A.B. asks: 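Take this structure, written in structure tokens, and hold onto it; I'll ask about it next.
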Amino acid sequence: MSEPVAIRPAELDDAPDLARILVETNRATFHGLVPEKCLDFSIETSERNWHRTLKNGLSARQILHVAVSENDEILGYALAGGVTGRDDYPRELNVLMVATPWQRKGIGRKLVTHAARILHKQGVHAILVGVQIDNPNRAFYEHLGARHIGEKPLDWDGYMTTELLYGWDDITCLWSDTK
Ligand SMILES: CC(C)(COP(=O)(O)OP(=O)(O)OC[C@H]1O[C@@H](n2cnc3c(N)ncnc32)[C@H](O)[C@@H]1OP(=O)(O)O)[C@@H](O)C(=O)NCCC(=O)NCCS
């Protein structure tokens, strides 16, 4: 890690950065792997969506936290806590994004662990995350101790594909190892 990274709740003014990171990171991750129409989503549209989400407020169970540099530049973020409708994995890691230049510096792990600790304090022990099947970053979740627990169909803007489901049965494993 080249500089200290802190984590704080997202604020309304963060909407442009959340949108830019979402659109640019998705393009970098999926270009050549999925049809281009899936990646057409504009930064402006995404910004409007994030602005609305932040303005309306998240559900009481959800958290949206950003990882920031010392000068408050947003490097990545996690949206977590959405309800799954499953008894075995009641809550979800909804979105996890680290800006491409900041990947592989420990920020993704830090965001997941931070979110999991908050959910654990709410009494949550198991969470799941869905990963589009072509996303090579599914190995990140395996590396962090999640296991492949199933899959379901995914309609990504008309591209019929598959979402792999990964679950942590005991999220304390995220902070009980030495890292
Ligand atoms: C997936 C993502 C969140 C990982 O974040 P990151 O900050 O790059 O990951 P970290 O540096 O915290 O990595 C933590 C560990 O996982 C490993 N890891 C990270 N990405 C990996 C990958 N794609 N495959 C295998 N291992 C990976 C790291 O080597 C590291 O191992 P270590 O702690 O033993 O040294 C980030 O690459 C990203 O935002 N990608 C694009 C968006 C995306 O795919 N999001 C997830 C969609 S569900």
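Keep in mind that this is a model prediction, so the values were computed, not measured. Residue numbers start at 1 and run along the sequence shown. Just follow the structure's listing: the first ligand is 1, and inside any ligand the first atom is 1.
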A.B. asks: For Gly130, counting its heavy atoms only, list the atoms of ligand 1 lying under 4.0 Å from any of them.
C.D. replies: 48 (S)
A.B. asks: Can you check which of Asn135, Val98, Asn137, Ile107 brings a heavy atom nearest to atom 47 (C) of ligand 1?
C.D. replies: Asn135
A.B. asks: Which one of Gln62, His125, Gln122 satisfies the side chain to side chain donor-acceptor pair (under 3.5 Å) criterion with Arg91?
C.D. replies: Gln122
A.B. asks: Heavy atoms only: give me the nearest Pro9-His65 pair and the separation to one decimal.
C.D. replies: CA-CD2, 3.5 Å
A.B. asks: Would you mind listing which atoms of ligand 1 come within a distance below 4.0 Å of any non-hydrogen atom of Thr25?
C.D. replies: 41 (C), 42 (C)
A.B. asks: Evaluate the side-chain proximity of Leu54 to Glu11: yes if any heavy-atom separation is below 4.5 Å, no if none is.
C.D. replies: no
A.B. asks: Nearest non-hydrogen contact with atom 22 (C) of ligand 1 belongs to which option: Arg109, His143, Arg104, Met97?
C.D. replies: Arg104
A.B. asks: Once you restrict to heavy atoms under 4.0 Å, what part of Phe30 touches ligand 1? Side chain, backbone, both or neither.
C.D. replies: neither
A.B. asks: Is Val131 close to ligand 1, meaning an N/O of one under 3.5 Å from an N/O of the other?
C.D. replies: no
A.B. asks: Only one of Thr162, Val34, Asn26 forms a side-chain contact (heavy atoms from CB on, under 4.5 Å) with Gln132, so which one is it?
C.D. replies: Val34
A.B. asks: Rounded to the nearest 0.5 Å, what separates atom CG in Asp14 from atom CG in Leu64?
C.D. replies: 8.0 Å
A.B. asks: For atom 11 (O) of ligand 1, which of the options Gly106, Ala99, Ala28, Ala67 provides the nearest non-hydrogen atom?
C.D. replies: Gly106
A.B. asks: Just jot down the ligand 1 atoms closer than 4.0 angstrom to any heavy atom of Lys105, in number order.
C.D. replies: 11 (O)
A.B. asks: Given Leu111, Leu93, Leu96, which one has a non-hydrogen atom that is nearest to atom 45 (N) of ligand 1?
C.D. replies: Leu96
A.B. asks: Check the pair Asp17 / Arg20 against salt bridge (Lys or Arg N to Asp or Glu O under 4.0 Å), numbers first and verdict last.
C.D. replies: CA-CA 5 Å; Asp17 287 329; Arg20 178 184 47 77; 3.2 Å; yes
A.B. asks: Provide the closest heavy-atom pair for Trp168 versus Ala146 in the form atom of the first, atom of the second, distance.
C.D. replies: NE1-N, 3.4 Å
